[in-house]
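Below is one structure; the comments refer to it alone.
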Amino acid sequence: NAGVTQTPKFQVLKTGQSMTLQCAQDMNHEYMSWYRQDPGMGLRLIHYSVGAGITDQGEVPNGYNVSRSTTEDFPLRLLSAAPSQTSVYFCASSYWAGQANEQYFGPGTRLTVT
Amino acid sequence: GENVEQHPSTLSVQEGDSAVIKCTYSDSASNYFPWYKQELGKRPQLIIDIRSNVGEKKDQRIAVTLNKTAKHFSLHITETQPEDSAVYFCAASIPGGSQGNLIFGKGTKLSVKP
């Protein structure tokens, strides 16, 4: 099993550009989520999903969209990149039976917005 | 909403000493408390977790204790080794409809000096 994979590993964008961060998992997990990690701020939840066709907002959703058309994939879209979105982005997945369980993280995408 | 405070933000110990990291949470309905280790440039990985129906859990040199009354939980690492050097994050589950979600502390950078 590859676990949770993310692409790209690094990305530089100019202000106003849009892009999609890809995330996929091969563990048949219902729950998937996106976090951003900034120095001294820990991991903050952007969006999450508990199954195909179901998504919801986390702590810091503004400026980001998600969709979940399959169990395996959970892409994160930046609509109009801003310097404040410079961060490391992690995708995670877990088994979900109505309660929290171990989350498996992808390797991360380091995004710089100039 | 749920809030997680983590202390200290940095911790330096000599090899062989013990290290203790403490977290407090605000919502008494939280029922899952994982600890993640993140090495420099890597993804967070679960090292131990505990549910609210258990007071203590051990795995070799690592233990977690939970005090539900005081709403705090702690990570204990005994006989520390240089490879324990990393950033450690605590987290608590968010009660209610989004029960798969976690809120993370801001992290503790542990340095183990040989």
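In what follows, every chain begins at residue 1, and chains take the letters A, B, ... in the order their sequences are listed.
- For the set A/G40, A/G106, A/S33, A/G58, the count of heavy-atom pairs under 4.5 angstrom toward chain B peaks at A/G106.
- Summarising the geometry, atom CG belonging to B/L102 is positioned 10.5 Å from atom SG belonging to B/C90; distances are rounded to the nearest 0.5 Å.
- Neither the backbone nor the side chain of A/V88 comes within less than 4.5 Å of any heavy atom in chain B.
- Contacts between A/E30 and chain B at a heavy-atom distance below 4.5 Å are absent for every atom of the residue.
- With 3.5 Å as the limit, one finds a donor-acceptor pair spanning the side chains of A/Y35 and A/Q103.
- Counted within 6.0 Å of CZ on A/R110, heavy atoms from surrounding residues, nucleotides or ligands total 12 or fewer; the atom is thus considered open.
- Note on A/W96: it does not cluster hydrophobically with A/V4, by side-chain heavy-atom contacts below 4.5 Å among ILVMFWY residues.
- Both the backbone and the side chain of B/P44 come within contact range of chain A, each with at least one heavy atom under 4.5 Å from a heavy atom of that chain.
- Residue contact with chain B, scored on non-hydrogen atoms closer than 4.5 Å, involves the backbone and the side chain of A/F105 alike.
- Both the backbone and the side chain of A/L43 come within contact range of chain B, each with at least one heavy atom under 4.5 Å from a heavy atom of that chain.
- Other residues, nucleotides and ligands place more than 12 heavy atoms under 6.0 Å from the CD1 atom of A/I54.
- With respect to chain A, the highest number of heavy-atom pairs below 4.5 Å among B/Q38, B/Q6, B/Q45 belongs to B/Q38.
- Here B/K57 does not pair with B/D59 in a salt bridge; the nearest charged N to carboxylate O distance is not below 4.0 Å.
- Looking only at heavy-atom pairs under 4.5 Å with chain B, the residue among A/S94, A/G42, A/G108, A/A92 that has the most is A/G42.
- A continuous path of Ile, Leu, Val, Met, Phe, Trp and Tyr side chains, each step under 4.5 Å between heavy atoms, connects A/V113 with A/V60, placing both in one hydrophobic cluster.
- Heavy-atom distances place no part of A/Y104 under 4.5 Å from chain B, backbone and side chain included.
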